[in-house]
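In what follows, chains are A, B, ... by sequence order, proteins preceding strands, each numbered from 1. Computed from a prediction, not measured in an experiment: that's the story for all the values here. Side-chain atoms are counted along with the backbone in the values below, which use heavy atoms only and exclude waters and symmetry mates.
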2 protein chains.
Amino acid sequence: MKKTAILVVEDDKAILTGLCDLLGCEGYEVFSAEDGIKGLEAYRNNRPDLILLDIMMPGKSGYDVLREIRKTDTQLPVLLLTAKGQEIDKVVGLELGADDYIVKPFGIKELLARIKAALRRSRPADAGKKETHIRFDDVVIDLKNYTCEKKGKKIQLSQKEIQLIDYLCNHKDEVIDRNTLLEEIWGVRYEGTTRTLDQHIAQLRKKIEDDPAHPKHLVTVHAVGYKFTVSPD
Amino acid sequence: MKKTAILVVEDDKAILTGLCDLLGCEGYEVFSAEDGIKGLEAYRNNRPDLILLDIMMPGKSGYDVLREIRKTDTQLPVLLLTAKGQEIDKVVGLELGADDYIVKPFGIKELLARIKAALRRSRPADAGKKETHIRFDDVVIDLKNYTCEKKGKKIQLSQKEIQLIDYLCNHKDEVIDRNTLLEEIWGVRYEGTTRTLDQHIAQLRKKIEDDPAHPKHLVTVHAVGYKFTVSPD
DNA sequence: CGGCCGTTTTCAACACCTTGAAAACGGGGA
DNA sequence: TCCCCGTTTTCAAGGTGTTGAAAACGGCCG
């Protein structure tokens, strides 16, 4: 899946690199610019999914940048950054269509939450592309509802289970090695044992295989990993 | 099709022009007025499909205008605008029949979404009418009257409870994560604990579930959120 | 004041995730 | 074929974070 891209426009280099590092660690693709002019340029070149925009910058202010952007793109989520005490001009912000504003200094969690919220609000527009169901045999997995149905019985799936089956189904008939799976689902920095993965595979098999001891779909590939397949071997 | 007409009544000229531009760009026909008196006049002359009405205005307040309008038109969607901090008088607003409140500063998307929602609600004639009741099992929820009936017994529902069940029912069988719910019902900038949400869910379950300890309709999805469903597991 | 509503806090219960140990399995070599 | 060794599965137990229930607080209004 393509990463969500965020453009950070901020003249204070310390803050800029801090933000970029943080967002990078969170799994976003990050572009940065140190002033308004470069910000616009970066926006045009990279077409990010969201912009973090400092208001007070030498040269072109955040307001100017936002105004430019809104001439052609009224949908893009833009979060304004403003220093504490520096009264944000809410009227201007509103007029220009900022989606939210964040007062420095801000907590990391708050920032991330607001970014997520803004992104979530901007999604429903282009949502609907993504497959929400997986079907095979007599099984229907509803990715949105965290449920699966088998022989007419509804079974709840947990977060990890959904992520796992989702990933494997999107790589149908490919063997995925354990490290890749751990990385994709648990995250790059995960330091757990492979037992965890096996356990979840076992859980999934119990829920969706006719005979969990002889899985037809969630197949073990000895010494490598697992693969999902719909056709029997 | 004739354009939808919106009347904006707002004494702050910057906001007024900002709103008019925005709504114009969105394809609405826009009328504007800078105070309550002119607002009523514009309403009578132009008969808009929806009104955005600032509450705090010199001379005739938004409440006064709304009261006047409601004497002759109980259907017209009216959205009240209020500045943050400025305590909104919900009871007065409700009595007068406001359709929604929007707290400044607000995001463009939020505003547009609420306008669309209000318009949708106001068009029972040509679109599939807005449901005023929700039914399932032996429960009937009356969204307009803030009551629900179960086994013939009428139970009062609070504002938040109605909003919650309304939102969830409109997203039947979808899992809504806690942040989304908090945002949709409490507002974008709500900073409360997530326990608050649970509490209201619990209240609702007590009122509409046969066995609140084992909910059939208001289902928890661990680590994600809640969903409303009518079909048994 | 007394009731209702929304919120917050606390604590207990629960589901999920993780881990270890042991058993079962599979592949390769003798 | 059988055995051996590394891999995978199972089982059971513990830890962690999430959710539920109860109680209490404050605001608002009658």
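D/dT10 atom P lies 10 Å from atom CG of A/Asp211, rounded to whole Å. Rounded to whole angstrom, the span from the CD atom of B/Gln203 across to the P atom of D/dT19 amounts to 18 Å. The CG atom of A/Leu218 sits 14 Å away from the C1' atom of D/dT9 (whole-angstrom rounding). When the P atom of C/dC17 is taken as reference, atom CD1 of A/Ile185 falls 11 Å away, rounded to whole Å. Separating the CD1 atom of A/Ile162 from the P atom of C/dC17 is a distance of 11 Å, rounded to the nearest angstrom. The distance from atom OH of A/Tyr146 to atom P of C/dC16 is 13 Å, rounded to the nearest whole Å. Rounded to an integer number of Å, the gap from A/Leu181 CG to C/dT18 P is 13 Å. When rounded to the nearest whole Å, the span between NZ of A/Lys206 and P of D/dT8 equals 19 Å.
Remark: B/Ile185 CD1 to B/Leu164 CG distance equals 4.0 Å, nearest 0.5 Å.
Residues A/Cys148 and A/Leu157 come closest through the heavy atom pair CB-CD1, 3.9 Å.
Close placement of the B/His217 and B/Phe136 rings is indicated, their centers lying within 6.0 Å of each other.
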Below 3.5 Å between N/O atoms, which protein atoms pair up with nucleotides 3-6 of chain C? Just atom names and distances, please.
residue, atom, partner, partner atom, Å
C/dG6, OP1, B/Lys160, N, 3.2
C/dG6, OP2, B/Ser158, OG, 2.5

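A donor-acceptor pair is defined here as one N or O able to donate and one able to accept, closer than 3.5 Å; no such pair exists between the side chain of A/Glu10 and the backbone of A/Ile15.
Taking side-chain N and O atoms only, B/Arg205 has a distance below 4.0 Å to OP1 or OP2 of D/dG20.
Side-chain proximity of A/Tyr226 to D/dT9, D/dT19, D/dG20: nearest is D/dT9.
Within 6.0 Å of atom NZ in B/Lys150, more than 12 heavy atoms from other residues, nucleotides or ligands are found, so the atom counts as buried in its surroundings.
The closest side-chain heavy-atom distance from A/Val175 to A/Tyr226 is not below 4.5 Å.
Side chain A/Gln199 to base C/dT19: a donor-acceptor pair is found below 3.5 Å.
Under the 30°/60° scheme for interplanar angles, the aromatic rings of A/Trp186 and A/Tyr190 are found to be tilted.
Legend: residues meeting salt bridge (Lys or Arg N to Asp or Glu O under 4.0 Å) with A/Lys206, ordered by chain and number and at least two apart, are absent.
With hydrogens and angles left out, the side-chain atoms of B/Asp173 and B/Thr229 include a donor and acceptor closer than 3.5 Å.
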Protein-to-nucleotide contact annotation, 5' to 3' order, nucleotides 22-30 of chain C [B base; S sugar-phosphate only; - none; under 4.0 Å, heavy atom]: ----S----
